[in-house]
Structures are given as C-alpha cells and as structure tokens.
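To keep things clear, I will list the structure first and then write my remarks on it.
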Number of protein chains: 2
Amino acid sequence: MTEAIQQIDETPLRADAARNRERILTAADAVFSERGADASLEDVAKRAKVGIGTLYRRFPTREALLGALCDERLLALAANSRTRDDVMDPGTSLRAFMIELVIHASHYQGLAVQLGTVLKSHTTGCHAGTAEGQRLLQRAQKAKAVAKDVSFDDLLCVITAISLAVEQGGAVKSRVTHLVDLFLGGIRTR
Amino acid sequence: MTEAIQQIDETPLRADAARNRERILTAADAVFSERGADASLEDVAKRAKVGIGTLYRRFPTREALLGALCDERLLALAANSRTRDDVMDPGTSLRAFMIELVIHASHYQGLAVQLGTVLKSHTTGCHAGTAEGQRLLQRAQKAKAVAKDVSFDDLLCVITAISLAVEQGGAVKSRVTHLVDLFLGGIRTR
DNA sequence: ATATTAAATGGAGCAATCCTCCACTTATAT
DNA sequence: ATATAAGTGGAGGATTGCTCCATTTAATAT
C-alpha cells in the first residue's frame with residue numbers, strides 16, 4: 001500500500017507510529033472497499049489491530065483518512081496526465097484526465113459525494129490532483145478548446161455528477177466515457 | 001403545512017393520527033431547516049410532542065418523511081412546469097424545470113444527496129415531479145433540443161451534482177443557472 | 001349510554017457508532 | 001541506562017437509530 005513520504009508537516013513519525021499508519025491505511029482500504037466509504041471506523045481499527053484512539057490520533061477525521069487513501073492514486077493520476085502533454089492536444093488531454101478522475105471517484109461506494117471535500121484535504125496527492133486539473137483546464141482554455149467562463153469548481157461538479165451516475169449503475173468504462181463526452185460537449189466552445 | 005390527501009393506500013387515518021401526522025411534518029420542517037436533513041429524528045418527535053414510536057409508525061424511514069415534506073412543493077413545481085408549455089419551447093422549459101428542482105433540492109442542507117432516493121418515495125408529489133421531468137425530457141428530445149441518448153437518471157445526476165455544489169458554496173441563483181446552462185450545453189444537440 | 005375492538009400511542013431499552021480522555025507503554029536521543 | 005516525548009489502547013460518555021409492547025383512545029356496533 002502507501003509508502004511514500006506524505007508528511008506535509010515537520011517531525012517524522014516514530015517507527016511504530018509509521019507502521020501503524022500503514023496498517024490503518026490497508027485496513028481502511030479493505031473495509032471501505034467492502035462496505036463503502038461510510039463504513040464504521042471502529043471496524044477499520046479492529047481490522048488494523050489498532051486501538052480506536054490510535055486511528056483518531058493519526059487521522060482526526062474521516063476525510064483525512066480518505067484523503068490519505070487517495071493520495072497515491074491521485075499522485076499517479078497527476079503524473080500520468082503530465083506525460084500526455086506531448087502526445088495529446090489540450091482538449092483530449094483534459095478529457096482523459098476527467099475520465100480517470102471519475103474512475104478514481106468510484107473506487108469506493110460513497111466516495112463520489114465526498115470528492116470535493118476530499119480533494120481539499122492537505123495531502124500531496126490531493127494537491128497534485130487539483131493542481132493538475134487546474135493546469136489542464138487553463139491550458140485547454142488558452143487553446144480555445146474550452147469556454148473561458150468554466151471554473152475548476154464547475155469541472156469538479158461535472159465529475160461528481162458523472163461519478164454519482166456511475167456509482168449507481170456500475171462503473172462500466174464505456175458508460176464513463178459516454179457521459180464525459182456528453183458533458184464535454186457543453187464545456188467546449190462551439 | 002401539508003393538508004391535502006396524500007394517502008395512497010386504503011384506510012383513512014384516525015382523527016388523532018392525522019393530527020399527529022401534521023404536527024410531525026411541521027416539526028420536521030422546522031428542525032430540518034435549522035439543522036439540516038440529517039437532524040435527529042428524536043428531536044423532531046420531541047418538537048412535535050409525540051413519542052418516537054409514533055413518528056416511526058407514520059414514517060418508517062427518514063426518506064418517507066422527507067418525501068412527505070417535499071410532496072407539496074413538488075406538486076407545485078410540476079404544476080408550474082406544465083403551465084409553461086404554452087409560453088416556452090421544450091428546451092427552455094426543461095431548463096426552467098431543472099433550475100427549480102435544484103433550488104428545491106437545496107431547501108434543507110443535506111437534502112441534495114438524498115434527492116434520488118426521496119423522489120422514489122411513493123407520494124403523489126414525488127411521482128408528479130418525476131413524471132413531469134420525464135415528460136419534459138421526452139418532449140425536448142422529440143423537438144431535437146436534447147440528444148436522445150440522455151436518460152432521466154442522467155438528468156437526475158446532473159441535478160444532484162449541481163445541488164451538491166450549490167449546497168457548499170451557498171445557493172446563489174446565478175450560480176445555479178450558470179451550472180445548469182453549462183450542463184445543458186452538453187446535453188443539447190448542436 | 002355502553003361495550004367492543006382495532007388503531008394508535010409513548011417511551012423504555014438495546015445496539016451501533018462517534019469521539020475524547022488519560023493511565024500506561026515504548027522508541028529514541030543523550 | 002535514563003529521561004522524555006511520542007505513541008498506544010480501550011473504557012466510557014454522548015448521540016442516534018429503531019423495535020417492541022403494555023397501555024390508551026377513537027370509532028363503531030348495540
């Protein structure tokens with residue numbers, strides 16, 4: 001699971017704390033995958049074989065935990081996206097990013113609704129994700145591929161909507177791309 | 001508050017039961033307005049001066065209660081919408097409906113997430129609302145104002161997402177229309 | 001009026017969950 | 001080896017959800 005340095009603040013974790021942190025993350029991923037993003041945190045602690053107090057000390061809120069869980073995947077997503085700059089035009093690149101983000105947001109049942117909140121949690125990954133999204137949007141707008149009155153929040157709104165749809169109907173990739181294209185039509189300048 | 005006949009099933013309520021039903025509804029509206037749609041149902045019962053058991057007997061789930069609360073307003077919304085048939089073209093009419101529904105879904109904090117579920121509760125208002133939505137969509141599609149591969153569920157998701165966005169950033173009407181137009185641009189055939 | 005009965009009531013009580021607090025344990029720096 | 005700051009676990013208070021059933025009450029029949 002996660003291993004990189006995702007401490008934004010000063011002091012590094014003590015060895016045992018770091019170990020527990022990982023166990024909590026793996027447990028949380030398992031539990032959330034099984035029971036959705038609203039699953040009981042006590043269950044997570046139990047599965048991680050860690051006291052509930054430890055969990056709360058490390059992740060004071062559920063969003064913090066979700067944020068940490070998304071960290072890696074968002075980092076990868078952002079990196080991936082930057083890679084595409086060479087091969088894709090701004091519009092297509094943005095489209096690819098959106099599709100990936102939707103798929104990410106459907107990783108746990110119930111994650112979609114929280115996407116906005118989670119992206120605002122202060123992990124490197126979440127930051128990288130939003131930064132990349134903003135960069136792509138701006139780039140696409142400069143290339144006149146996207147109307148200039150579209151904000152990043154608007155984009156998030158679109159992505160949330162699609163994620164919600166996908167969450168209910170089962171995350172078939174073809175459906176995802178279909179919906180993204182459907183709504184891109186509205187975002188694109190005509 | 002509510003007074004109309006919204007008994008879908010057989011037997012009419014006993015006098016005391018009907019009285020209590022109303023008190024629960026007024027109390028619920030007050031409590032949900034103050035504390036959001038996830039407020040404690042015990043609080044609602046307390047405010048209605050009714051035992052918690054009574055509340056559950058009448059409204060077995062929170063969705064049922066929310067559904068009943070939305071009943072009136074949805075009825076009005078649907079009626080309003082039908083009125084517009086004469087003055088508006090199908091596309092504009094659908095747009096107006098969506099805007100109104102978003103505003104409705106932002107009536108209580110936390111209502112947006114549940115919109116889909118609530119609309120499926122079996123009250124006359126909820127039924128009228130979805131029926132009207134479907135009618136408008138079909139009408140707009142016949143008029144080639146909307147792509148024919150858009151489903152009503154797609155529409156609902158969009159409305160939910162916009163409501164979520166609006167819920168966080170404060171329900172400024174201009175933002176609502178902006179977002180609706182954004183999505184419509186994509187939904188509309190060009 | 002009275003009796004009958006089916007509907008309705010209220011709230012005690014169990015279970016789940018959240019989250020805090022703090023007496024104890026342990027890693028690490030000296 | 002010791003000191004100490006960081007970390008731990010889990011008991012426990014608070015909130016909420018929801019069920020169950022002994023009692024009350026409205027509606028109806030007599």
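Order of the sequence lines sets the chain letters (A, B, ...), proteins ahead of strands, with each chain counted from 1.
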Inset, instruction - For DNA chain C, find the residues of residues 35-42 of chain B with a heavy-atom distance under 4.0 Å and give them by number; none if there aren't any. - result: none
Inset, instruction - List the atom of Leu136(B), the atom of Ser93(B), and the distance in Å for their closest heavy-atom pair. - result: CD2-OG, 3.6 Å
Inset, instruction - May I ask you to say whether Glu100(B) pairs ionically with Arg73(B), meaning some side-chain N is under 4.0 Å from a carboxylate O? - result: no
Inset, instruction - Take atom CG of Asp43(B) and atom C1' of dG17(D), then tell me their distance rounded to the nearest Å. - result: 13 Å
Inset, instruction - Evaluate the side-chain proximity of Arg19(B) to Leu13(B): yes if any heavy-atom separation is below 4.5 Å, no if none is. - result: no
Inset, instruction - Give a yes or no on whether Glu34(B) atom CD has more than 12 heavy-atom contacts from other residues, nucleotides or ligands under 6.0 Å away. - result: yes
Legend entry - Euclidean distance, atom CG of residue Leu65(A) to atom C1' of dC19(C) [Å, nearest integer]: 15 Å
Inset, instruction - State, with a plain yes or no, whether a side-chain heavy atom of Leu25(A) is found less than 4.5 Å away from one of Leu65(A). - result: yes
Inset, instruction - Starting from P on dA8(C), measure out to CZ on Arg23(B) and report it in whole angstrom. - result: 16 Å
Inset, instruction - Check whether any side-chain N or O of Asn20(B) sits under 4.0 Å from OP1 or OP2 of dA8(C), and answer yes or no. - result: no
Legend entry - Salt bridge flag under 4.0 Å for residues Arg95(A) and Asp181(A): yes
Legend entry - N-O pairing of Asp89(A) and Arg139(A) below 4.0 Å: no
Please tabulate the protein-to-nucleotide N/O contacts below 3.5 Å involving nucleotides 27-30 of chain C, giving atom names and distances.
unit_1, atom_1, unit_2, atom_2, d
dA27(C), O4', Arg14(A), NE, 3.4
dT28(C), OP1, Ala15(A), N, 3.3

For residues 166-173 of chain B, run the donor-acceptor check on the side chains, cut-off 3.5 Å, and write out each pair with its distance to 0.1 Å, sequence neighbours left out.
unit_1, atom_1, unit_2, atom_2, d
Glu167(B), OE2, Gly110(B), N, 2.8

Legend entry - Nucleotide dG17(D), atom P - distance to CG of Leu66(B) in whole Å: 12 Å
Inset, instruction - Under 4.5 Å between side-chain heavy atoms, chaining through other members, with only Ile, Leu, Val, Met, Phe, Trp and Tyr counted: pull out the rest of the cluster around Leu164(B), sorted by chain and number. - result: Val113(A), Leu164(A), Val113(B)
Inset, instruction - Indicate the atoms forming the closest heavy-atom contact of Ala128(A) with Leu75(A), along with that distance. - result: CB-CD2, 3.9 Å
Inset, instruction - For DNA chain D, find the residues of residues 48-60 of chain B with a heavy-atom distance under 4.0 Å and give them by number; none if there aren't any. - result: Ile52(B), Tyr56(B)
Inset, instruction - Kindly state each residue pair satisfying side chain to side chain donor-acceptor pair (under 3.5 Å) with at least one member in residues 125-135 of chain A, sequence neighbours excluded. - result: Ser81(A)-Glu132(A), Asp85(A)-Arg135(A), Glu132(A)-Arg135(A)
